[in-house]
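The structure under discussion appears below in the form of structure tokens.
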Amino acid sequence: MPKRSPRLQFTAEEAAAPELEKAVSKAGKAADRLEKAEGKIPQKKIKRRAVDPDTGKVTARLSFEEKKPPSKLSHVVKDAPLDALLISSHRKVRENADSNVGVESADAVAENAEMSARAARGLYREHQQRPFRTARKAEARADKANIKALMQESDMQNPGLSSNPYSRWQQKRAIKKEYAAAKAAGGTAGNTMKASEVTAKAAKKSAERTKKTTEFFRKHKKGLAIAGILVLMVAFLSNALSSCSVFVQGGISSIAISTYPSADSDMLAAEAQYLAMEQELQSELDNYETTHDYDEYHYELDEIEHDPYVLISALTALKGGAWTIDEVQDSLQMLFEKQYILTETVTMETRYREETRTGTSIVTDPETGENYEEEYEYTVQVPYTYYICNVKLENFNLSHVPVYVMSSSQLSMYATYMGTLGNRPDLFAGSAYVNKYYRDDYEKYEIPPEALEDEQFAAMIAEAEKYLGYPYVWGGSSPSTSFDCSGFVSWVINHCGVGWNVGRLGAEGLRGICTRVSPSEAKPGDLIFFERTYNTSGASHVGIYVGNNMMLHCGDPIHYTSINTSYWQDHFLAFGRLPRP
């Protein structure tokens with residue numbers, strides 16, 4: 001008889017410990033009740049034949065196996081013919097009911113008899129299901145008691161692991177996983193589990209996970225603080241739309257809200273599937289000339305790559321929480337098609353090739369005077385159509401896609417997950433993107449006091465510095481969604497209290513409202529524009545110039561940086577002065 005939940009084994013010292021005595025007793029009693037409940041499950045006789053390999057003698061032995069719970073579907077199938085017959089008879093009776101009162105009475109009697117029959121069937125099935133249902137309830141209680149006892153033992157042996165709510169959550173999560181694994185490995189009536197082994201393995205894994213997370217929190221304190229602000233903003237917006245915020249109802253911490261809720265196996269599977277799609281695209285490009293028939297090929301190909309944290313954050317925001325790999329198939333395909341745009345343009349030219357042909361002419365022999373035909377060769381220019389295939393692959397950048405496919409609330413959650421990397425820097429530890437966000441090595445800059453004497457500039461900086469460290473989110477234009485470069489500058493202009501109201505403008509739009517000034521005339525508070533930072537015409541990036549060849553801009557994340565680097569010098573376009581408010 002298969003054992004659904006194991007019986008925990010404790011040493012004499014563990015069982016006698018005051019901290020464990022009560023929990024051990026409850027776990028033991030729950031196991032006893034489970035065994036008793038399982039003992040009432042009906043048994044079926046199984047006759048097995050055995051053949052002696054030496055004598056060839058056949059013997060039969062009886063054994064007993066636990067019956068399976070009656071299937072609800074099988075009852076439906078068995079009852080279907082009778083139910084169909086009853087329905088048919090009622091239909092026939094009711095067709096004639098108006099003209100015969102006796103028939104109506106007969107129909108009522110038949111309905112009562114049918115209800116009694118169905119009630120009897122239900123009671124019989126209830127009787128059949130009862131021992132299985134009782135065993136399932138006893139199993140759930142045994143599991144609950146076992147988990148509680150394991151937690152008590154873990155607290156006693158590893159007091160440091162439960163020193164804070166997050167560590168305790170990790171500890172309980174690890175114990176549940178180890179318990180489930182040990183339970184699955186059992187399966188016999190005498191299935192037992194050494195409590196100390198389970199708690200030791202769980203403690204080790206919990207400590208490793210907590211250490212990794214602690215290191216990440218210590219390294220990214222600023223980013224996590226900003227993520228917390230984003231979460232509070234989302235909570236505030238949600239609370240404004242309903243009488244009771246979902247965040248308050250659930251009592252969920254900002255760490256839980258900003259942590260990827262899906263299973264590692266599903267998130268890693270999604271990343272692996274996206275990589276496979278990229279590899280298939282690369283293979284198509286590598287073999288383009290063998291699968292197509294043109295005379296000439298020209299290629300304009302962007303690099304095939306993506307940020308795995310953008311992928312997982314986008315999927316989680318789109319799904320509004322936890323998901324499985326089967327649930328995100330359409331989303332993966334949609335994101336891939338938005339990120340990679342492959343186009344083929346074929347142009348035709350009329351070209352000429354030289355061909356050699358043979359002709360004949362009449363030639364007279366100078367000695368005999370006879371005429372005869374003689375062959376000769378000549379060349380001609382022959383027109384033909386020449387096909388030129390232009391293949392272009394545009395990588396739109398996966399981080400640019402969310403703003404086009406998400407609602408404002410989804411974009412807020414996407415920004416929150418990107419602000420913390422889902423609190424899972426270990427998920428893609430080998431990725432070059434892990435340390436891209438919220439680093440502490442950005443250039444620090446303190447604006448000279450004399451520059452802040454300009455009240456207009458001081459107001460802009462006071463507003464802009466509120467968002468230092470916010471993540472770059474393509475299309476983002478508010479603190480709740482975070483910002484892109486022009487969204488950040490537009491927000492600062494509109495909310496610094498000086499009096500501007502320019503709306504949400506792109507980099508080129510901001511350049512359009514400014515008066516161009518030369519680099520020698522630029523002063524703190526002017527805007528600085530760059531071009532060709534991505535494929536667009538005009539200004540493609542904008543920042544706020546703060547003097548001394550420094551700017552404050554939404555890079556990744558929002559931070560101060562010098563404009564004297566070779567990159568910014570190569571892409572510099574112009575300085576612009578904002579109009580008077």
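Note that these values count all heavy atoms, side chains included, but never hydrogens, waters or copies made by symmetry.
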Rounded to the nearest 0.5 Å, what separation is found between the [atom1] atom of [X] and the [atom2] atom of [Y]?
X: Glu303; Y: Leu393; atom1: CD; atom2: CG; value: 10.5 Å
X: Glu278; Y: Ile304; atom1: CD; atom2: CD1; value: 7.0 Å
X: Ser482; Y: Trp491; atom1: OG; atom2: CH2; value: 11.5 Å
X: Ile493; Y: Leu527; atom1: CD1; atom2: CG; value: 5.0 Å
X: Asn397; Y: Lys338; atom1: CG; atom2: NZ; value: 15.0 Å
X: Ile528; Y: Leu552; atom1: CD1; atom2: CG; value: 12.0 Å

List the residues meeting side chain to side chain contact (heavy atoms under 4.5 Å, CB included) with Glu344, not counting sequence neighbours, and say none if there are none.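 With sequence neighbours excluded, Glu344 shows a side chain to side chain contact (heavy atoms under 4.5 Å, CB included) to Tyr288, His292, Tyr294, Val346, Cys389, given in chain and number order.
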List the residues meeting side chain to side chain contact (heavy atoms under 4.5 Å, CB included) with Glu300, not counting sequence neighbours, and say none if there are none.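 Testing Glu300 for side chain to side chain contact (heavy atoms under 4.5 Å, CB included), a comparison that skips the adjacent residues, returns Lys392.
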Would you check if [X] and [Y] make a side-chain contact, meaning some heavy-atom pair closer than 4.5 Å?
X: Glu271; Y: Leu311; result: yes
X: Val391; Y: Thr345; result: no
X: Val310; Y: Val401; result: no

Can the ring centroids of Tyr404 and Phe396 be said to lie less than 6.0 angstrom from one another?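 Between Phe396 and Tyr404, which both carry aromatic rings, the centre distance is below 6.0 Å.
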Can you confirm whether or not the ring centre of Tyr309 sits under 6.0 Å from the ring centre of Phe428?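 They qualify: ring centres under 6.0 Å apart.
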Under 3.5 Å: donor-acceptor pair, side chain of [X], backbone of [Y]:
X: Asn395; Y: Tyr340; answer: no
X: Asp570; Y: Tyr567; answer: no
X: Glu531; Y: Ser540; answer: no
X: Glu463; Y: Met460; answer: no
X: Asp454; Y: Pro524; answer: no
X: Trp500; Y: Pro579; answer: yes
X: Glu337; Y: Met334; answer: no
X: Asp484; Y: Gly475; answer: yes
X: Asp526; Y: Phe575; answer: no
X: Asn287; Y: Ser283; answer: yes

Only one of Tyr417, Trp323, Tyr414 passes side chain to side chain donor-acceptor pair (under 3.5 Å) with Thr316; say which it is.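 It is Trp323; the other options fail the test.
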Please say which of Gln333, His306, Gln339 ends up in a side chain to side chain donor-acceptor pair (under 3.5 Å) with Tyr274.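 Among Gln333, His306, Gln339, the one meeting side chain to side chain donor-acceptor pair (under 3.5 Å) with Tyr274 is Gln339.
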Start with the C-alpha gap between Ser313 and Tyr260, add the side-chain angles, then the distance that decides, and say whether side chain to side chain donor-acceptor pair (under 3.5 Å) holds. CA-CA 8 Å; Ser313 298; Tyr260 293 142; 2.8 Å; yes
Over 60° means perpendicular and under 30° means parallel, so classify the ring planes of Phe530 and Trp568, tilted if in between.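 Tilted: the ring planes of Trp568 and Phe530 meet at 30° to 60°.
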Check: residues 541-549 side-chain donor-acceptor pairs under 3.5 Å, at least two apart:
from: His541; atom 1: NE2; to: His553; atom 2: ND1; distance (Å): 2.8
from: Tyr545; atom 1: OH; to: Asn549; atom 2: N; distance (Å): 3.2
from: Asn548; atom 1: ND2; to: Tyr445; atom 2: OH; distance (Å): 3.1

For Tyr560, which of Glu446, Met551, Glu465 qualifies under side chain to side chain contact (heavy atoms under 4.5 Å, CB included)?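 Only one option passes, and that is Glu465.
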Kindly determine whether Ser258 and Asn423 satisfy side chain to side chain donor-acceptor pair (under 3.5 Å), including the steps that lead there. CA-CA 7 Å; Ser258 61; Asn423 294 323; 3.1 Å; yes
